[in-house]
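First comes the structure, then the notes that go with it.
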There are 2 protein chains.
Amino acid sequence: MLDVLKQHIIDRLGKDAPNVEEVLRHFKPVRVRRNTILLRHGEVCKYVWFIAKGCVQVFVYDAEANEMTRDIVLENNWVSELISFGNRQPATENIRTVEPCELLAIDREGFQKMMETVPQFEMVYRQILEASYANSVYRLNTFVSMDALDRVKWLMEFKPRFLNRLSNKLVASYLGISQETLSRLKSKL
Amino acid sequence: MLDVLKQHIIDRLGKDAPNVEEVLRHFKPVRVRRNTILLRHGEVCKYVWFIAKGCVQVFVYDAEANEMTRDIVLENNWVSELISFGNRQPATENIRTVEPCELLAIDREGFQKMMETVPQFEMVYRQILEASYANSVYRLNTFVSMDALDRVKWLMEFKPRFLNRLSNKLVASYLGISQETLSRLKSKL
DNA sequence: TGAAAACCTTGACATTTGTCAAAGCTGGCG
DNA sequence: CGCCAGCTTTGACAAATGTCAAGGTTTTCA
């Protein structure tokens with residue numbers, strides 16, 4: 001399981017990154033079944049997870065207690081509630097596995113030790129942050145500038161795996177539309 | 001004009017931050033009238049701007065060539081197209097002043113020199129990035145979980161200055177709704 | 001300061017999207 | 001492997017939002 005993370009880091013920092021093994025030591029492997037809650041809103045987020053295998057959903061509740069998903073993260077990526085994690089604030093979002101997952105978790109203490117002792121890790125963190133931000137920006141632009149149909153087309157172009165792999169219900173809540181609307185729009189294409 | 005930036009940096013790094021003057025040297029003051037294009041999509045974003053005074057709009061065009069705004073940034077904040085700026089990629093977004101502005105611009109060269117020579121500047125950059133990311137996350141959650149009316153209420157609670165200060169048209173495009181809908185919803189409250 | 005342009009509001013209507021319900025399907029888990 | 005909770009699709013209708021148009025108001029800038 002650690003192999004996947006090792007490769008991920010090498011891809012980013014170059015093969016001669018000296019402290020990879022040192023970095024890996026701080027991560028705790030976790031295997032969880034699908035539908036496992038990793039973070040409940042109101043709690044402080046204690047970990048950053050690397051997803052070695054599986055898929056995870058970040059979601060909030062709307063006024064009628066429906067789950068609306070702000071983000072979906074596949075394997076070989078990072079997931080957390082960075083705002084809560086960084087400032088020890090109560091999280092505003094929930095995180096849950098969508099499939100059985102193999103995760104590598106690092107807690108705040110480990111994270112900070114790494115930031116101090118492994119200079120390259122700061123770089124990795126910044127890359128996580130930049131990638132998460134870029135993702136949000138693109139996604140925001142779909143919401144302000146596209147209607148439901150165009151968002152579905154956007155998803156097919158830029159996130160094609162979501163449609164094969166995930167339930168319609170989940171994808172609809174990611175697009176901010178109802179399951180029925182998604183079902184009808186897909187049959188139009 | 002530099003005073004505003006100086007205070008901003010001191011607020012973040014503490015009063016004894018040793019290199020504030022060194023930092024300020026890298027910024028070029030710019031005064032521009034309203035409706036000045038700072039970045040056109042397709043171009044590479046050459047600067048990060050600190051807004052000492054005024055207000056700026058980050059926007060894209062929808063399928064009918066309407067301007068839809070992904071972000072609005074007021075004075076005492078940073079604005080850029082960080083993805084384009086960092087990777088020298090063509091920008092996907094446009095940036096334009098909404099009011100007469102006093103800006104402090106730093107280019108890529110200055111930015112990188114600062115990252116190398118002033119260790120605290122790396123911290124400032126990370127804080128810009130984290131704040132921008134947090135902003136996007138909250139905003140995304142309004143889109144996936146709220147209808148138009150709830151987004152207007154959200155704006156009144158969390159961005160009250162926008163409604164006083166900006167045109168209805170601009171605010172509507174920020175909320176992803178039509179001007180007419182915003183006008184009607186506001187009269188309902 | 002005054003003319004032109006842009007903006008705001010309101011009405012009527014069109015379109016999109018949501019809601020509820022029902023029936024068939026599927027896949028996760030015992 | 002089979003059952004059942006949960007998912008998907010479809011229809012009919014309701015609600016939300018968009019579009020177009022017109023008239024009044026405000027803002028801009030020459």
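A note on names: the letters A, B, ... follow the listed sequences, proteins ahead of strands, and every chain is numbered from 1. Small disclaimer: the values here were computed from a predicted structure and weren't measured.
If you measure from atom CE of B/Met146 to atom P of D/dA16, you get 17 Å, rounded to the nearest angstrom. Between the P atom of C/dC8 and the CG atom of B/Leu163 lies a distance of 12 Å, rounded to the nearest Å.
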Checklist entry - Would A/Thr142 and A/Leu175 satisfy side-chain contact (heavy atoms from CB on, under 4.5 Å), going step by step from the backbone distance to the final call? => result CA-CA 9 Å; A/Thr142 69; A/Leu175 293 175; over 6 Å; no

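The two residues B/Thr36 and B/Val32 make their nearest non-hydrogen contact at OG1-CB, 3.7 Å.
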When you compare the protein's N or O atoms with those of nucleotides 17-20 of chain C, which come within less than 3.5 Å of each other, and at what distance?
| from | atom 1 | to | atom 2 | distance (Å) |
| --- | --- | --- | --- | --- |
| C/dT17 | OP1 | A/Ala148 | N | 3.0 |
| C/dG18 | OP2 | A/Ser178 | N | 3.2 |
| C/dG18 | OP2 | A/Ser178 | OG | 3.2 |
| C/dG18 | OP2 | A/Thr181 | OG1 | 2.5 |
| C/dT19 | O4 | A/Arg184 | NH2 | 2.9 |
| C/dC20 | N4 | A/Glu180 | OE2 | 3.2 |

Under-3.5 Å N/O pairs linking protein and nucleotides 2-7 of chain D:
| from | atom 1 | to | atom 2 | distance (Å) |
| --- | --- | --- | --- | --- |
| D/dC7 | OP2 | A/Lys169 | NZ | 3.3 |

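Between the side chain of A/Arg151 and the backbone N or O of A/Met146, at least one donor-acceptor pair lies under 3.5 Å. A donor-acceptor pair is defined here as one N or O able to donate and one able to accept, closer than 3.5 Å; such a pair exists between the side chain of B/Ser132 and the backbone of B/Ile128.
Residues A/Leu38 and A/Thr97 have side chains in contact (heavy-atom distance under 4.5 Å, counting atoms from C-beta outward).
The residue among A/Leu166 and B/Arg33 whose nearest nucleotide of DNA chain D is located toward the 5' end is A/Leu166. Along DNA chain D, the nucleotide closest to B/Arg34 and the one closest to A/Leu170 are compared, and the more 5′ of them pairs with A/Leu170.
Geometrically, B/Arg139 does not engage A/Phe143 in a cation-pi contact, judged by NZ or CZ lying under 6.0 Å from the ring centre and within 45° of the ring axis.
Residue B/Phe111 is tested with B/Phe121, B/Tyr47, B/Phe50 for a ring pair (Phe, Tyr, Trp, His ring centres under 6.0 Å); the sole match is B/Phe121.
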